[in-house]
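Before any comments, here is the structure.
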There are 2 protein chains.
Amino acid sequence: MKQQRNTKQRKLVLDAVRARFDHPSADQIYLDVRTQDDNISRGTVYRNLNILFQTGEINQVKMPKSDRFESRLDKHYHLQCLECGELWDLPLDYNDDIDEQAAGKTGYIIHRHRTTFEGICPECQHKNTEQNE
Amino acid sequence: MKQQRNTKQRKLVLDAVRARFDHPSADQIYLDVRTQDDNISRGTVYRNLNILFQTGEINQVKMPKSDRFESRLDKHYHLQCLECGELWDLPLDYNDDIDEQAAGKTGYIIHRHRTTFEGICPECQHKNTEQNE
DNA sequence: ATGGGTGCAAAGTGTTTGCAAGTAT
DNA sequence: ATACTTGCAAACACTTTGCACCCAT
């Protein structure tokens with residue numbers, strides 16, 4: 001990888017990812033950073049998110065509509081509400097055993113697995129019962 | 001949901017999904033169906049894939065670049081090679097327990113979880129060792 | 001001074017949609 | 001006859017990229 005420079009923009013993007021815990025999209029990061037620097041462009045935000053991911057300073061979570069970012073670097077699971085779309089970390093241990101099982105069954109070298117739970121959050125459950133009354 | 005019709009195009013799309021086991025993208029289905037009907041349009045293929053998914057006749061697998069489709073309807077895990085991108089079903093049992101655990105820890109109603117394993121397939125492993133010789 | 005980084009706008013990808021004509025029921 | 005479906009092209013959402021200028025090293 002080529003030599004990296006510390007630009008004001010790169011730092012702003014990194015700080016913006018670290019400031020949130022709701023797995024913002026690139027565009028949300030762009031909007032956040034915009035409040036600090038009203039000249040920064042979307043292209044720069046996308047480029048820096050990619051660079052920071054490649055250098056291992058942030059994590060990228062592939063999601064249906066758009067990629068999401070987070071500052072947690074350890075392997076962990078996610079939980080998404082199918083109604084409101086909110087995405088959270090799940091306090092459940094990463095299961096190393098199934099990586100070995102998968103490797104044994106397939107001959108693949110397994111790097112990891114990614115798990116996302118889908119459901120309805122308490123708020124949306126509440127909203128739904130109200131509607132049906 | 002509104003009344004569905006059985007069009008020639010819808011049947012071609014369904015058959016095309018059922019004919020493959022490598023989780024084709026919408027565009028791959030389009031190309032397959034094109035060999036049967038050289039007038040069908042991409043829009044029609046996308047529309048029918050969505051309808052068939054809503055009616056539960058096929059399954060949609062959300063993947064980074066594009067959605068993939070399959071005719072298996074049961075919950076199961078996937079395995080993707082990080083090098084060549086191939087996506088396969090994994091012969092590993094779906095773990096119902098962690099859905100309950102996740103529900104208990106969060107208050108969510110959990111519908112299911114989706115797990116994808118990432119690694120290097122035997123072919124790509126072989127290719128890599130050859131290159132390094 | 002050098003070459004990585006920036007802002008801008010254009011282009012790329014994958015997918016959806018408005019419309020008028022066509023067709024399954 | 002009705003209204004769902006089609007082909008087409010335009011529009012969309014998200015992301016990447018070419019370029020000329022800028023700035024961290």
Side-chain angles (χ1 to χ4, degrees), chain A residues 1-17 20 22-70 80 85 87, chain B residues 1-17 20 22-70 80 85 87:
Chain A
M1 194 174 299
K2 53 186 179 179
Q3 180 60 35
Q4 306 292 330
R5 287 186 189 174
N6 273 327
T7 61
K8 166 169 146 276
Q9 289 88 341
R10 181 117 76 228
K11 178 144 183 26
L12 284 171
V13 169
L14 178 55
D15 289 346
V17 173
R20 301 185 63 145
D22 58 348
H23 306 79
S25 64
D27 204 64
Q28 287 173 309
I29 293 294
Y30 167 71
L31 293 173
D32 285 358
V33 173
R34 263 285 184 167
T35 65
Q36 308 287 113
D37 171 355
D38 48 358
N39 275 324
I40 199 169
S41 69
R42 272 198 175 71
T44 295
V45 171
Y46 275 95
R47 269 187 293 240
N48 279 314
L49 286 169
N50 285 336
I51 289 170
L52 291 166
F53 174 57
Q54 284 170 242
T55 57
E57 290 164 275
I58 64 173
N59 237 315
Q60 200 176 23
V61 190
K62 298 274 177 194
M63 280 289 142
K65 282 185 74 84
S66 67
D67 291 349
R68 307 285 207 98
F69 297 88
E70 64 183 354
Q80 187 166 39
L87 182 65
Chain B
M1 193 175 301
K2 55 185 179 182
Q3 180 62 34
Q4 305 293 326
R5 286 183 190 177
N6 274 328
T7 61
K8 167 170 145 280
Q9 290 88 339
R10 181 116 77 226
K11 178 145 183 26
L12 283 171
V13 170
L14 178 56
D15 289 346
V17 173
R20 302 185 62 145
D22 59 347
H23 306 78
S25 65
D27 204 63
Q28 286 173 309
I29 293 294
Y30 166 72
L31 293 172
D32 286 358
V33 172
R34 263 284 184 170
T35 66
Q36 309 285 114
D37 171 356
D38 49 357
N39 274 324
I40 198 170
S41 68
R42 272 197 175 73
T44 296
V45 171
Y46 275 95
R47 269 187 293 238
N48 278 313
L49 286 170
N50 285 336
I51 289 170
L52 291 166
F53 174 58
Q54 283 171 244
T55 58
E57 290 165 274
I58 64 174
N59 236 313
Q60 200 176 22
V61 190
K62 298 275 177 193
M63 280 289 141
K65 282 185 74 83
S66 67
D67 291 349
R68 307 286 208 96
F69 297 87
E70 65 182 354
Q80 188 165 37
L87 182 64

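Fair warning: this is a prediction, and the values are worked out from it, not measured in the lab. All heavy atoms count here, side chains included; hydrogens, waters and symmetry mates do not.
Sequence order on DNA chain D of the closest nucleotides to B:Asn6 and B:Arg34 puts B:Asn6 first from the 5' end. Ranked by how close their nearest DNA chain C nucleotide is to the 5' end, B:Arg5 and B:Ser25 are led by B:Ser25. Between B:Thr7 and B:Phe69, the one whose closest nucleotide on DNA chain C sits nearer the 5' end is B:Phe69.
When heavy atoms are screened at a 4.0 angstrom cut-off, A:Asp67 is found touching the sugar-phosphate backbone but no base atom.
On the nucleic acid side, DNA chain D contacts chain A at distances under 4.0 Å to non-hydrogen atoms, with the end points of that region at D:dC14 to D:dT25.
The OG1 atom of B:Thr35 lies 10.5 Å from the CD1 atom of B:Ile40; values are rounded to the nearest 0.5 Å. Between atom OG of residue B:Ser25 and atom CG of residue B:Leu49 there is a gap of 9.5 Å, rounded to the nearest 0.5 Å. How far CZ of B:Arg34 is from CG of B:Asp32: 12.5 Å, rounded to the nearest 0.5 Å. We find the CG-NZ distance between A:Asp27 and A:Lys65 to be 11.5 Å, quoted to the nearest 0.5 Å.
B:Lys11 pairs with exactly one of B:Thr7, B:Val13, B:Asp15, B:Leu14 by the side-chain contact (heavy atoms from CB on, under 4.5 Å) rule, that one being B:Asp15. Paired with A:Glu70 under the rule side-chain contact (heavy atoms from CB on, under 4.5 Å), one option of A:Leu87, A:Ile58, A:Asn59 passes, and it is A:Asn59.
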TODO: Decide salt bridge (Lys or Arg N to Asp or Glu O under 4.0 Å) for B:Arg68 and B:Asp22; before the verdict, give the C-alpha distance in whole Å, the side-chain angles of both, and the deciding distance to 0.1 Å.
DONE: CA-CA 9 Å; B:Arg68 307 286 208 96; B:Asp22 59 347; over 6 Å; no
- [ ] Let me see the working for A:Thr44 and A:Arg47 under side chain to side chain contact (heavy atoms under 4.5 Å, CB included), right down to the final yes or no.
- [x] CA-CA 5 Å; A:Thr44 295; A:Arg47 269 187 293 240; 3.8 Å; yes
Open item on the list: Go through it in stages, so that I can follow the logic: the residues are A:His23 and A:Phe69, the test is side chain to side chain contact (heavy atoms under 4.5 Å, CB included), and I'd like the CA-CA distance, side-chain angles, deciding distance and then a yes or no.
Closed with: CA-CA 5 Å; A:His23 306 79; A:Phe69 297 88; over 6 Å; no
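In the region residues 43-64 of chain A, proximity to DNA chain C at under 4.0 angstrom, judged on heavy atoms, holds for A:Thr44, A:Arg47, A:Asn48.
Using a 4.0 Å cut-off, some side-chain N or O of A:Ser41 falls inside it from OP1 or OP2 of C:dG7. Neither OP1 nor OP2 of C:dG4 sits under 4.0 Å from any side-chain N or O of A:Gln3.
Under the 3.5 Å distance criterion, with hydrogens and angles disregarded, a donor-acceptor pair is assigned to the side chains of B:Gln4 and B:Arg10.
Fit an axis to the five pairs at each end of the helix from C:dA1-D:dT25 to C:dT25-D:dA1 and the two axes sit 40° apart, to the nearest 10 degrees.
Between A:Gln4 atom CD and C:dG4 atom C1' the separation is 9 Å, expressed in whole Å. In this entry the distance linking CZ of A:Arg42 with C1' of C:dG12 reads 17 Å, nearest Å.
Between A:Gly85 and A:Gln80, the shortest heavy-atom distance links the atoms O-NE2, 3.0 Å.
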